[in-house]
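Naming: A, B, ... by sequence-line order, numbering from 1 per chain.
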Amino acid sequence: MTEEILKVIDISKTFVLSKKQQKLEGITCDKKVAVNHLSFSAYKGEIYGLLGPNGAGKTTTLRIMSTLIKPDSGDVIVDGASVCTSADIVRGKIGFLTSELKLEDFFTPNYLFDFFSELHNVPEDKRNDQKKKLFDRFGINEFAEVKVGNLSTGMKQKASLAISLVHDPDIIIFDEPTNGLDVITAKVITDFLQELRAEGKTIIISTHIFSLVEKICDRVGIIINGKMVVSDELNKITNGLPLEDVFFDIYSKEAGAEE
Amino acid sequence: MKNILAVIKKEFFRFFKDRRLMLTTLILPGLMIFVVYSIMGDALLNKFGGDSEYTPIVYVNEIPESINNLFNASELKLEKKSYNESEIEAIKEKITKKEADLLIIFPDNFDEVVKNYDVKDGLPAPNIEIYYCSVNTESSKAYSIIATLLDGYEKSLSNKFNINFGDNYDLSTSKEATGTIFSMMLPFLILTFLFSACISVAPEAIAGEKERGTIATLLVTPIKRSELAIGKIISLSVIAILSALSSFVGTIASLPKLMGASRDEGEIISANIYTFTDYMFVLLIILTTVLVVISLMAILSAIAKSVKEASTIISPLMIITMLVGITSMFGDVSSNRVLYLIPIFNSVQAMGGIFSFNADVVAILITLISNVCYSVILVYILTRVFNNEKIMFSK
Ligand SMILES: Nc1ncnc2c1ncn2[C@@H]1O[C@H](COP(=O)(O)OP(=O)(O)OP(=O)(O)O)[C@@H](O)[C@H]1O
Ligand SMILES: [Mg+2]
């Protein structure tokens, strides 16, 4: 087996809900266990898919892995660095992309690429190589000097993607990478993820789209209600059956066990 | 350090490349103040200044010998005569219509009556009737001139002693007078301008970034939270100072007009009365005050969920600051140095001291040092806030 480059070790996260949130969620308890003793590992050079229904805790798990929030207990070790004790180092090793991370409307993709390169301490020559590579790959050159505020959703997503990779990270974490994109743009991105894997990068994505998982993921973890139900190679989980059927099977068992 | 510069550079780029933002924060405040104050100054001049060429028309009935000389010395145009009842009514009518300004009616045999009058008799004192029209500026002016002359005459009659009779005994120089006005007005104005400038930039740059989700993008990079906090505060402070400067230039430019209304001609208000050191101290006080105010607003903006909420949280602060600013209008500058540890109040008092030539260097230093200390503490708190996921990423 290849190297375990990312280890999620028994993490839990409970949110305290405000009165307003309780109403929204339709619960009377003021606490919400979003992630419940969850563990899994990702190996170097694979695409790992976190699959789960809405509210399962996928985004929360990814936010913990990318140091935006801290776990209540447990730890995540990213290429030897702990998200709890050396968040700065982890931030330098990963590229994180989620819809909640936005680019400032006023700036152009070109300016932001340089700005974030500076924050990531990328030397000038490397920056220019990386910029050329990513901008060419996504056709960003056409709108490199257009303010982000004037870009379409797809263009913004491409710019965000390029900017999250300024430092050419070995570990890439994407929350719902194809959400809200048309099939053409979505394909550009999924193709690119596969290219990155070929380069030896490790990619972790979250999604509730079965076809996406079946198409690109090597291994899958199914999260339900904050718990990791299975985490294994895709073909070991499906055994040749459609992933969707397997998922519903697992889901009904899990939901039954909850009650 | 490099990251701090990168953040500052980005904030400046954001600001100086945005023409609309430049217009609303740098040009408009000063321009508006200049226009409003100039119009106000003109209005005041018309209301109270009157027309300097105009000589009021004053009718005097039965002017006594003693008063005649006194009145002749004034520059009023006097119509001295013995008027009959109907003539007097006609004059009153004219005053009402603003065709004449004043009618003075002396009792018969005024000099004699006054000479023989004794308070001890308990009889009413002889009465001089002066008719005027209070809504007519010229009439009011003439009235006060005459009333002052007669008042002086009345006092000289008893002649036990005089106070400041005749000459100008006011020894204050115009420099001191100007200093007093400056020390009453400028600290308040400067504080107001600084505060409004800060309000116009801080919530947008912090709460706005949080609301739009752009600050999270920064927080997943290896930049230290303290670097982000310092970078933001320095860049916002500079922009706030520039914006306040615009208001300040507007005020200074309109000051001659505003002041001209209430002061005699010839006495031109000029800021040349202060030394270079004075200006340096004021500048340092302004800088450190802005640091404190911006840091405080940055924290509140970071805690707020939206720009709107940030503005709401900050507005009570604005009211308190204005109240503190008004303390400079009382004129007296506090000599209790412990009070110079109170932020904002210390800046107002220290500036008041400088403008009124009563600068206490120790108090100024206490002000500067304590402001810097507060800023450091506030930057530390802002760093903690940026680190707090509950505040930064609450739903
Ligand atoms: N900051 C927060 N405060 C309170 N509750 C939260 C917070 N973040 C997430 N939650 C709750 O935790 C649960 C898990 O949310 P999470 O976003 O991780 O789900 P998800 O699997 O990404 O779902 P989706 O497919 O809808 O994106 C949800 O019930 C959500 O409401
Ligand atoms: Mg999600």
Measuring from atom OG1 of B:Thr217 to atom NZ of A:Lys102, what distance do you get when rounded to the nearest 0.5 angstrom?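 B:Thr217 OG1 to A:Lys102 NZ: 8.5 Å, rounded to 0.5 Å.
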
Kindly compute the distance separating OG1 (B:Thr221) from CD1 (A:Ile94), expressed to the nearest 0.5 Å.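 If we round to the nearest 0.5 Å, B:Thr221:OG1 and A:Ile94:CD1 are 10.5 Å apart.
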
[X] atom [atom1]: more than 12 heavy-atom contacts under 6.0 Å:
X	atom1	result
A:Glu199	CD	yes
A:Ile9	CD1	yes
B:Arg384	CZ	no
B:Lys17	NZ	no
B:Phe12	CZ	yes
B:Met322	CE	yes

Side-chain heavy atoms of [X] within contact of [Y], under 4.5 Å:
X	Y	value
B:Lys9	A:Phe115	no
A:Leu101	B:Val220	yes
B:Lys224	A:Asp88	yes
B:Lys390	A:Ile69	no

Counting only non-hydrogen atoms closer than 4.5 Å, does [X] touch chain A with its backbone (N, CA, C, O), its side chain (CB onward), both, or neither?
X	value
B:Glu227	neither
B:Leu218	both
B:Asp18	both

Report the option among A:Phe15, A:Phe96, A:Phe107 that has the most heavy-atom pairs separated by less than 4.5 Å from atoms of chain B.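 Looking at each option in turn, the highest pair count goes to A:Phe107.
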
Please report the C-alpha distance between B:Lys10 and A:Glu104 in whole Å, then the side-chain angles of each, then the deciding distance to 0.1 Å, and finally whether the salt bridge (Lys or Arg N to Asp or Glu O under 4.0 Å) criterion is met. CA-CA 11 Å; B:Lys10 192 199 69 169; A:Glu104 278 181 74; 2.5 Å; yes

Looking at A:Glu100 and B:Arg212, is any side-chain nitrogen of the basic one under 4.0 Å from a carboxylate oxygen of the acidic one?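 Judged by the 4.0 Å cut-off on N to carboxylate O distance, B:Arg212 and A:Glu100 do not form a salt bridge.
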
Minimum-distance pair of heavy atoms, taken over all atoms of B:Ala6 and A:Leu119:
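The pair with the smallest heavy-atom distance is CB-CD2, 4.2 Å.
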
Full working for side chain to side chain contact (heavy atoms under 4.5 Å, CB included) between B:Leu5 and A:Glu118: CA-CA 10 Å; B:Leu5 286 179; A:Glu118 216 165 315; 5.9 Å; no

Looking only at atom types and distance, does a side-chain atom of B:Glu389 sit under 3.5 Å from a main-chain N or O of A:Lys70, one as donor and one as acceptor?
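Flag set: sc B:Glu389 to bb A:Lys70 pair under 3.5 Å.
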
Taking the six-membered ring for Trp, are B:Phe13 and A:Phe106 parallel (under 30°), tilted (30 to 60°) or perpendicular (over 60°)?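 If you compare the ring of B:Phe13 with that of A:Phe106, the planes turn out perpendicular.
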
